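Remarks on the structure that follows.
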Amino acid sequence: MSEELHIAAKVENLDQVLAFLEEYLDQQGCSMRTHMQLAVAVEEIYVNIAHYAYVDNEGEGDADIRLHMDGRTLEITFIDSGIPYDPLAKPDPDVTLPVEERQIGGLGIFMVKKSMDDVKYERKDGQNILTLYKSID
């Protein structure tokens, strides 16, 4: 089963994005623990798109969010036409360092990578395509 949401990439639309995810996960019988991990990951990625993808366009742009079940693996794909950005290219932060010694940024995508089974990025046809994979228990 697949669902898609096309939405203006604005932080104020986050509630709609999370409601879209929640409704889909409820239909799949997802556990609360996995549900929470997915909600945090989706929030992180969507908010990053809303804040940074369209800075050259005065913040005006859209995002597509596609949810697809492949067996018991959920694929969540984010597509935007914003500036090229591969969030996986940046090295993971050194979480062993004290907070005051760490580089700023990168902790959100690090948490997403740690909580998902896999995360893949590609730039294709002028679009950023980021896909999260998570087994649904």
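The model shown is predicted, which means the values in this text are computed figures rather than measured ones.
In plain terms, the two heavy atoms of V55 and H51 that are nearest each other are CG1-O, 3.6 Å. Nearest heavy-atom pair, A9 versus Y54, reported as atom, atom and distance to 0.1 Å: CB-CE1, 3.9 Å. Smallest separation of non-hydrogen atoms from Y121 and P87: CD1-CD, 3.9 Å. Counting all heavy atoms, side chain and backbone alike, L18 lies closest to A39 at CD2-O, 3.8 Å. Between M116 and Q37 the shortest heavy-atom distance is CE-O, 3.9 Å. The nearest pair of heavy atoms linking T73 to S135 is OG1-OG, 4.0 Å.
In this structure, L88 CG and I109 CD1 are separated by 5.5 Å, a value rounded to the nearest 0.5 Å. With rounding to the nearest 0.5 Å, the separation of CG in D70 from OH in Y133 is 9.0 Å. Note: L38 CG to I136 CD1 = 5.0 Å, rounded to the nearest 0.5 Å. To the nearest 0.5 Å, atoms CE (M69) and CD (E75) are separated by 9.5 Å. Interatomic distance, CD of Q16 versus CG of L21, reported as 13.5 Å (0.5 Å rounding). Note that CG of L67 and CG of L25 are 7.5 Å apart. Values are rounded to the nearest 0.5 Å.
The backbone N or O of I79 sits nowhere less than 3.5 Å from a side-chain atom of D64 that would complete a donor-acceptor pair. Side-chain N or O atoms of K134 include one that pairs as donor or acceptor with a backbone N or O of S115 at under 3.5 Å.
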Notebook entry, point to check: Does the pair E60 and K10 meet the rule for a side chain to side chain contact (heavy atoms under 4.5 Å, CB included), with working shown?
Noted result: CA-CA 8 Å; E60 295 296 319; K10 296 181 181 290; 3.1 Å; yes
Checklist line | Worked verdict on E4 versus T77 for side chain to side chain contact (heavy atoms under 4.5 Å, CB included) | finding: CA-CA 9 Å; E4 184 170 345; T77 303; over 6 Å; no
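Y24 and I7 fall within a single hydrophobic cluster, where Ile, Leu, Val, Met, Phe, Trp and Tyr side chains are chained together by heavy-atom contacts under 4.5 Å. Taken together through direct or relayed side-chain contacts under 4.5 Å among Ile, Leu, Val, Met, Phe, Trp and Tyr, I49 and Y85 form parts of separate hydrophobic clusters. Linking Ile, Leu, Val, Met, Phe, Trp and Tyr residues whenever their side-chain heavy atoms come within less than 4.5 Å leaves I129 and I65 in two separate clusters. When the side chains of ILVMFWY residues are joined at heavy-atom separations under 4.5 Å, either directly or via intervening members, L14 and L130 end up in a single hydrophobic cluster.
At least one side-chain heavy atom of F110 sits under 4.5 Å from a side-chain heavy atom of K114. Side-chain contact between N128 and F78: absent, with no pair of heavy atoms (C-beta onward) separated by less than 4.5 Å. Residues V17 and E43 fail the side-chain proximity criterion, which asks for heavy atoms closer than 4.5 Å.
Of the options V112, V40, I76, a side-chain contact (heavy atoms from CB on, under 4.5 Å) to I45 is made by V112 and by none of the others.
By the neighbour-count criterion of 12 heavy atoms within 6.0 Å, atom CD of Q27 is densely surrounded, having more than that number from other residues, nucleotides or ligands. Counting heavy-atom neighbours within 6.0 Å of R72 CZ, excluding the residue itself, gives a total above 12.
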